[in-house]
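First up is the structure itself, then whatever we jot down about it.
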Amino acid sequence: MAEIGLFEAMYSARALRRFKPDPVPDGIMTKVLDAAIRAPSGSNAQSWVFIVVKDAEKRRQLGAIYHKASKILTALYAERPRASHFTDDQYKRFMSSVTHLFENMHEAPVLLLACLRSAPAGAAAFSPEVQTAMAKAARTQGASIYPAVQNIILACRAFGLSTVLTTIHAFFEEEVKAIVGLPPEVATFALMPIGYPRDKIGPVRRRPVNEVACLDTYGKPWPG
């Protein structure tokens with residue numbers, strides 16, 4: 001495919017959830033993964049692990065877990081108000097796409113698990129102050145894998161593939177790990193279906209910058 005620019009990729013990499021059955025060539029997946037590992041990671045540890053699931057039975061099993069997890073998410077959607085930037089029609093289209101993936105995750109020709117290997121045991125040797133600080137910062141560990149996930153999204157866009165970042169499989173983390181044989185020290189952070197899209201790629205629609213960015217202090221909109 002002809003190369004596209006970085007900003008074109010960012011502005012058109014929609015979350016698409018309906019896939020054609022066409023297989024994704026291994027050579028292209030290698031390039032997508034090679035783009036992933038160009039991302040930064042904490043202390044340059046590069047502790048990521050990527051599981052590319054092509055086997056139909058494993059995809060079926062992962063899809064079944066995702067479907068089970070979707071019942072929890074559906075209950076959450078039912079109890080919280082719709083985001084204000086959605087029109088009724090936009091929200092219906094969004095939920096149609098989301099529901100399709102709930103039922104058909106296994107149909108994507110590739111399911112990619114983005115994982116992170118934890119640091120070796122030995123935290124007990126740290127001082128109480130350091131252990132407390134580490135516990136408070138535990139939520140930041142995704143900083144070592146989600147930049148790689150974003151690179152995957154952009155690389156997929158460059159090759160005419162579609163994908164979407166999903167995380168609800170983590171409601172049943174141990175079941176997911178058992179399917180692909182992940183050891184205890186490796187945790188999953190994203191389940192990404194990858195394939196050639198049935199729907200149109202791009203553009204991405206977002207709220208304007210001055211609604212979400214502030215200058216110097218909260219509540220003072222960025223003037224751009």
Side-chain angles (χ1 to χ4, degrees), residues 15-42 45-74 98-121 138-157 159 161-197:
L16 298 174
R17 301 174 177 87
R18 297 181 177 91
F19 304 93
K20 297 177 181 178
D22 310 54
V24 178
D26 287 351
I28 289 181
M29 276 307 305
T30 297
K31 292 179 179 179
V32 169
L33 294 167
D34 195 56
I37 64 172
R38 305 302 154 183
S41 62
Q46 302 180 45
S47 298
W48 39 52
V49 178
F50 302 98
I51 309 296
V52 181
V53 182
K54 297 171 57 180
D55 178 78
E57 175 58 21
K58 290 184 184 295
R59 287 189 287 117
R60 186 197 65 77
Q61 293 175 32
L62 291 172
I65 291 174
Y66 189 77
H67 183 264
K68 180 168 62 171
S70 74
K71 299 181 186 304
I72 300 174
L73 187 63
T74 300
V98 168
T99 302
H100 178 85
L101 189 62
F102 288 164
E103 304 288 341
N104 300 284
M105 170 69 85
H106 63 285
E107 291 186 354
V110 171
L111 297 181
L112 178 62
L113 283 163
C115 312
L116 200 60
R117 189 184 306 275
S118 60
R139 63 187 174 87
T140 66
Q141 61 182 323
S144 288
I145 186 63
Y146 288 128
V149 168
Q150 180 64 11
N151 276 11
I152 290 168
I153 292 170
L154 295 176
C156 283
R157 172 65 189 90
F159 286 109
L161 297 165
S162 60
T163 188
V164 60
L165 166 59
T166 77
T167 57
I168 63 172
H169 71 281
F171 295 155
F172 303 100
E173 171 81 353
E174 294 308 314
E175 293 180 38
V176 171
K177 292 174 68 169
I179 291 171
V180 296
L182 286 175
E185 68 273 13
V186 177
T188 70
F189 280 75
L191 172 60
M192 306 176 72
I194 297 175
Y196 293 99

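What you see is a predicted model; the values in this text were computed from it and never measured.
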Can you name the nearest heavy-atom pair linking [X] to [Y], along with the distance?
| X | Y | result |
| --- | --- | --- |
| Ala36 | Ala148 | O-CB, 3.4 Å |
| Ala15 | Val164 | CB-CG2, 3.6 Å |
| Tyr146 | Thr167 | OH-CG2, 4.2 Å |
| Trp48 | Ser41 | CZ3-CB, 3.8 Å |
| Lys54 | Val110 | CG-CG2, 4.3 Å |
| Pro109 | Phe19 | CD-CB, 4.3 Å |

Pairs of donor and acceptor atoms involving the side chains of residues 170-180, under 3.5 Å and at least two apart or interchain, shall be tabulated with distances.
unit_1 : atom_1 : unit_2 : atom_2 : d
Glu173 : OE1    : Thr188 : OG1    : 2.4
Glu173 : OE2    : Thr188 : N      : 2.9
Glu173 : OE2    : Thr188 : OG1    : 3.4
Glu175 : OE1    : Lys68  : NZ     : 3.0
Glu175 : OE2    : Lys68  : NZ     : 3.1
Lys177 : NZ     : Pro183 : O      : 3.3
Lys177 : NZ     : Pro184 : O      : 3.2
Lys177 : NZ     : Val186 : O      : 2.9

Determine whether a donor-acceptor pair (N or O, by modelled atom type, separation under 3.5 Å) exists between the side chain of [X] and the backbone of [Y].
| X | Y | result |
| --- | --- | --- |
| Asn104 | Glu107 | no |
| Thr163 | Ile194 | no |
| Arg38 | Asp34 | yes |

message: Do Ile153 and Gln150 have side chains that approach each other closer than 4.5 Å (heavy atoms only, starting at C-beta)?
response: yes
task: Please tell me if the side chains of Val24 and Phe159 come closer than 4.5 Å, counting only heavy atoms from C-beta onward.
output: no
[atom1]/[X] to [atom2]/[Y] distance, rounded to the nearest 0.5 angstrom?
| X | Y | atom1 | atom2 | answer |
| --- | --- | --- | --- | --- |
| Leu182 | Arg117 | CG | CZ | 9.0 Å |
| Met192 | Met105 | CE | CE | 10.5 Å |
| His100 | Leu16 | NE2 | CG | 11.0 Å |
| Leu112 | Ile152 | CG | CD1 | 5.0 Å |
| Leu101 | Tyr66 | CG | OH | 4.5 Å |
| Met29 | Cys156 | CE | SG | 6.5 Å |

- line: Applying side chain to side chain contact (heavy atoms under 4.5 Å, CB included) to Pro147 and not counting sequence neighbours gives Ala39, Pro40
query: Got a sec, which residues hit side chain to side chain contact (heavy atoms under 4.5 Å, CB included) with Ala114, two or more places apart in sequence or on another chain?
result: Phe50, Ile145, Val149, Ala190
